[in-house]
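Worksheet: the structure to be examined is printed underneath.
Throughout, a chain's letter reflects where its sequence line sits, starting with A, and its residues are numbered from 1. All values derive from a computational prediction rather than experimental measurement.
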Amino acid sequence: MSDPIPPNLADRLPKHYSPSEVEPRRLQDWLDSNAFHSVPDSGRHPYAIVIPPPNVTGILHMGHALNNTLQDILIRHARMRGLETLWMPGTDHAGIATQNVVERSLADEGLHRNAIGREKFVRRVWEWREKYGSTIITQLKRLGCSCDWERERFTMDDGLSRAVREVFVSLYREGLIYRGRRLINWCVRCHTALSDDEVEHVEREGKLWHIRYRLKNGRGSVVVATTRPETMPGDTAVAVHPDDARYRNLVGQTAILPIMNREIPVIADAMVDPGFGSGVLKITPAHDPNDFEVGLRHDLEQITVIGPDGMMTAAAGKYSRLDRFRARDKILEDLAELKAIAQTVEHRHAVGQCYRCDSPVEPFLSEQWFVRMRPLADKAIQASKEGKLKFTPSRWERVYLSWLENVRDWCISRQIWWGHRIPVWYCGQCHEMIAALEAPAACGKCGSPNLVQDPDVLDTWFSSALWPFSTLGWPDKTPELDFYYPTEVLVTARDIIYFWVARMMMMGLHFMGEVPFRQVYINGTILDENGARMSKTKENGIDPLVMIQGGKQRRFGKEYAYDSYGADSVRYTLCTLTTDGQDIKLAPSRFEMGRNFINKMWNASRFVLIRLSETPAGGDMPKASDLSLADRWILSRLAACVAGASGQLEAFRFHEYARTVYEFAWGDFCDWYLEMAKPYLNQGGPAAGVTAGILAWTLDNILRVLHPATPFFTEEVWRLLAEVAPARGLEDIRPAEPLLIRASWPDCEAASRWRDPAIERDMDRAMNIVRAVRNIRAKFNLPPKLRLAVLVSAAKADYLESVVPLGMMIRDQAGVESLDFGVNLEKPRQTATEIIDGAQVYAPLSGLMNVEVERLRIEKELSKRLRGRDDLNRKLHNLEFLGKAPAEVVEREKARLGELMRQAGELTELRDSLES
RNA sequence: GGGCGGUUAGCUCAGUCGGUUGGAGCGCUUGCCUUACAAGCAAGAGGCCAUUGGUUCGAGUCCAAUACCGCCCACCA
């Protein structure tokens with residue numbers, strides 16, 4: 001009735017696991033069987049994650065590898081728990097970044113976007129995206145990400161574009177989007193406005209120039225301090241603090257702006273810090289955010305002297321057409337000639353840089369679109385206060401909240417071509433402004449068909465903010481939106497908490513009336529082995545694809561060749577390194593850890609598979625009464641592992657999850673249980689069948705628990721197990737699920753029936769005896785073949801009760817000829833002794849001991865115990881300890897003291913016997 | 001200027017509610033190619049838990065200060 005044993009099984013199982021051979025096959029299988037696809041199913045609980053959409057220009061870096069590994073672990077775990085899981089994938093059009101990339105490729109052809117025009121340029125970007133935009137998606141698949149690839153979205157596809165227009169028009173009608181002439185951050189190189197968050201502040205060495213402005217009345221002068229003399233042509237006032245006694249009489253007077261010889265008023269404004277510089281500030285409303293505010297308060301003229309191209313404008317007089325930095329030099333020269341520079345002071349200050357191209361950002365006065373943030377941010381704050389959003393690690397909540405509390409209006413218009421065009425049209429006739437979902441045919445006010453659409457596009461982050469609901473079909477009321485929203489958890493890096501997390505929260509609450517996700521997990525940043533952020537210029541990056549597939553990579557000026565570690569190794573290693581969102585210092589060699597673990601488990605699997613195929617009746621689920629102590633022990637440990645792993649994953653403790661499984665799988669299963677199983681397997685008969693069944697069952701559960709972290713390897717072994725096991729009737733204990741990805745997570749409650757603290761304690765004692773014997777062998781360099789006759793002398797009878805039933809196991813594992821037990825046996829002559837918790841282990845040896853070495857070791861052990869004894873004695877004589885510590889702690893300490901004293905006594909005796 | 005994180009073995013890091021003798025991986029030492037695995041097995045060495053003070057019967061763990069390293073925010077020109 002049973003199928004024949006699979007042919008040549010052993011031949012198909014190489015000693016070295018080969019991820020590069022296995023992983024592509026397993027991936028193809030998953031993709032072919034559409035294993036990651038999810039559909040709304042009202043019979044199950046939803047569990048959705050939206051991917052932080054990588055930029056279409058991006059290629060997979062270690063940060064992505066980490067971030068997506070963690071998401072995949074969560075989603076696979078949830079899927080196995082029987083939830084209806086959707087991991088929504090996609091990419092972001094990344095406005096400025098992508099435009100820059102395509103502009104560079106144009107430049108290689110000697111072209112500029114202005115030369116080919118907007119329409120053609122945008123077409124070029126789409127072509128570029130068609131060609132290269134799926135690179136990162138392919139790479140995510142290779143990493144093993146179980147996204148629902150059928151649902152892949154792009155922030156500029158039709159559906160999402162519609163959502164963007166819908167949101168824009170709706171916010172516009174609510175008065176939450178407005179157009180205004182404001183001082184915004186301008187990137188001279190990208191030629192566009194930026195939001196406050198897109199400006200990076202970098203500390204730079206600079207100078208603070210003190211410049212003398214003559215007074216019009218000829219009575220002296222006033223000295224202002226500035227770091228930006230090139231903006232002087234735009235000065236329209238000089239300001240002092242109203243309470244500054246030094247300058248009180250200056251207020252109301254008129255100063256002469258040097259170089260320009262323009263008359264400007266001296267005003268008083270509380271914004272001026274009397275303690276900084278000279279206490280006098282030049283006011284340039286068109287080129288400084290503070291000055292802009294002062295200018296509004298005092299009704300000052302705004303003179304733009306630096307243009308959008310970074311060149312001085314005509315308003316800068318003789319400096320016009322000069323680059324702003326050349327203008328600075330020229331103005332300083334001229335001032336020096338006029339002897340108007342009172343002093344020059346070294347000054348460290350923060351300079352704003354564009355986050356996309358690093359060029360210095362200019363405050364620039366222009367007409368832009370803004371989102372009124374206060375009402376939206378308040379909703380997000382409210383949701384947090386109501387506990388609807390939980391951060392892990394929790395400290396990020398404060399960071400997030402403080403941004404929301406201090407947020408200013410968001411400049412959303414960009415003067416680039418790649419992005420969502422602002423859905424606003426202007427009437428050429430009556431200048432009416434029309435916001436609409438589709439291009440209107442005619443002006444609603446005057447009926448003129450002469451309409452021009454706003455040339456600007458929206459900030460990339462505007463569309464990303466809608467991602468959790470736009471990808472589910474909003475504004476349509478789709479089954480997906482209804483079922484999966486709100487999503488469960490967002491996994492992301494801390495640098496986009498403001499850009500993305502906060503804005504998704506605001507938009508989600510505003511348009512869906514519910515948080516877009518209940519939890520946010522902030523993963524750490526991957527650093528190189530020296531603790532530096534990875535970057536192209538530093539050549540310190542580690543390419544995950546090279547780690548996965550092997551290959552060459554340049555690092556620190558040298559080219560290195562790497563073997564293939566495999567996606568599982570990369571994933572598992574990253575998982576073990578993820579502790580509480582801490583940053584991760586990474587070196588390529590770290591992946592050896594994951595590789596070695598997987599190889600170890602591969603070999604354990606080989607062993608189980610081969611033995612299973614050789615053992616008649618192996619794989620039937622054994623009856624409880626047939627189980628050996630070893631079996632009951634491994635089942636108890638397994639139950640602990642399953643419960644631990646589940647709890648750790650649910651609490652996002654990735655490192656603890658990985659460690660729990662590692663310790664069980666390698667430590668308990670491989671190091672001990674496999675060895676204990678061998679004698680049973682070799683003995684054949686029913687006992688072998690029982691053992692084979694437990695081996696299969698345990699391996700099966702290890703595969704399930706490990707699957708979220710190492711999906712490829714576990715899926716491969718699962719298939720092999722399915723090939724071997726049905727022939728042995730293993731359907732009893734394994735469902736006939738062909739794909740592990742769809743199999744169920746081990747049932748913690750059912751497993752908990754196997755927990756058995758007594759067995760674990762007994763086995764622990766037995767293992768200590770085994771270790772003691774091995775220790776003796778190692779210490780005296782005994783040949784492995786030398787058979788020993790070992791005596792175990794227990795301090796108490798209950799110890800014997802624990803250990804005697806495990807005598808066979810101890811004998812096998814310690815490789816001893818004979819093993820005898822007793823309580824407080826007399827120490828034989830000429831014996832090696834190990835003192836362990838609760839017993840002495842004696843191994844008679846004649847003439848093999850190095851007495852001196854042994855004496856030194858004993859002295860060391862003894863003094864350690866005496867120290868411990870003294871500490872404990874002091875503690876147990878302390879009335880306060882006895883009075884205040886919990887009784888169980890006191891009891892434990894007493895027991896420990898007893899054991900320590902016993903061991904110290906034995907050691908002393910041992911030492912003395914050496915003397916003779 | 002404000003905030004956050006870190007400091008534990010030679011290296012990289014864990015350490016959950018304060019309670020036995022503080023752990024892992026790598027590296028190191030010794031012995032093993034033991035029919036699952038040398039990417040391995042067995043045994044071992046290696047710690048003033050940054051410093052100081054406090055709370056507590058008891059502190060790597062809680063509190064305060066200090067030092068050093070790193071990150072974020074901020075309109076002192």
Query raised in the report: Does a side-chain heavy-atom distance below 4.5 Å link A:Arg204 with A:Gln353?
Result: yes
Output yes when at least one side-chain N/O atom of [X] is less than 4.0 Å from OP1 or OP2 of [N], else no.
X	N	result
A:Arg228	B:A77	no
A:Lys600	B:C37	no
A:Asn603	B:A39	no

Query - Inter-nucleotide P distance (B:C68, B:A77), Å rounded - result: 24 Å
Report task. Using the P atom on both, measure B:A65 against B:C4 and round to a whole Å. Result -> 11 Å
Between the protein and nucleotides 6-15 of chain B, list every N/O to N/O distance that falls short of 3.5 Å.
unit_1, atom_1, unit_2, atom_2, d
B:U12, O2', A:Arg590, NH1, 2.4
B:U12, O2', A:Arg590, NH2, 3.2
B:A14, OP1, A:Thr579, OG1, 2.6
B:A14, O5', A:Thr579, OG1, 3.4
B:A14, O2', A:His655, NE2, 2.5
B:A14, O2', A:Glu656, OE2, 3.2

Looking at [options], which one has an atom nearest to any side-chain atom of [X]?
X	options	result
A:Trp666	B:A77, B:A39, B:G40	B:G40
A:Gln648	B:U16, B:C37, B:A39	B:U16
A:Arg892	B:U20, B:A36, B:A77	B:U20
A:Lys875	B:G19, B:A43, B:C76	B:G19
A:Asn878	B:U20, B:G25, B:C57	B:C57

Which nucleotide, in any strand shown, forms a Watson-Crick or G-U wobble pair with [N], with both distances under 3.5 Å?
N	result
B:G1	B:C73
B:U34	none
B:C57	B:G19

Query raised in the report: Does the ring centre of A:Phe276 sit less than 6.0 Å away from the ring centre of A:His241?
Result: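 Not close enough - the centres of the two rings lie 6.0 Å or further apart.
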**Report entry** Side-chain H-bond candidate by donor/acceptor type, A:Glu397 with A:Ser394, under 3.5 Å
**Finding:** no
Query raised in the report: So what does A:Asn775 hit on the nucleic acid, given a heavy-atom distance under 4.0 Å: a base, only sugar-phosphate, or nothing?
Result: sugar-phosphate
Query raised in the report: Near A:Glu405 CD, under 6.0 Å, is it more than 12 heavy atoms from other residues, nucleotides or ligands?
Result: yes
Requested in this report: Could you tell me whether a side-chain N or O of A:Ser278 sits under 3.5 Å from a main-chain N or O of A:Val223, the two making a donor and an acceptor?
Outcome: yes
**Report entry** Pair A:Tyr400-A:Trp396, ring-ring contact (aromatic ring centres under 6.0 Å, His included): steps then yes or no
**Finding:** CA-CA 6 Å; A:Tyr400 162 85; A:Trp396 294 111; over 10 Å; no
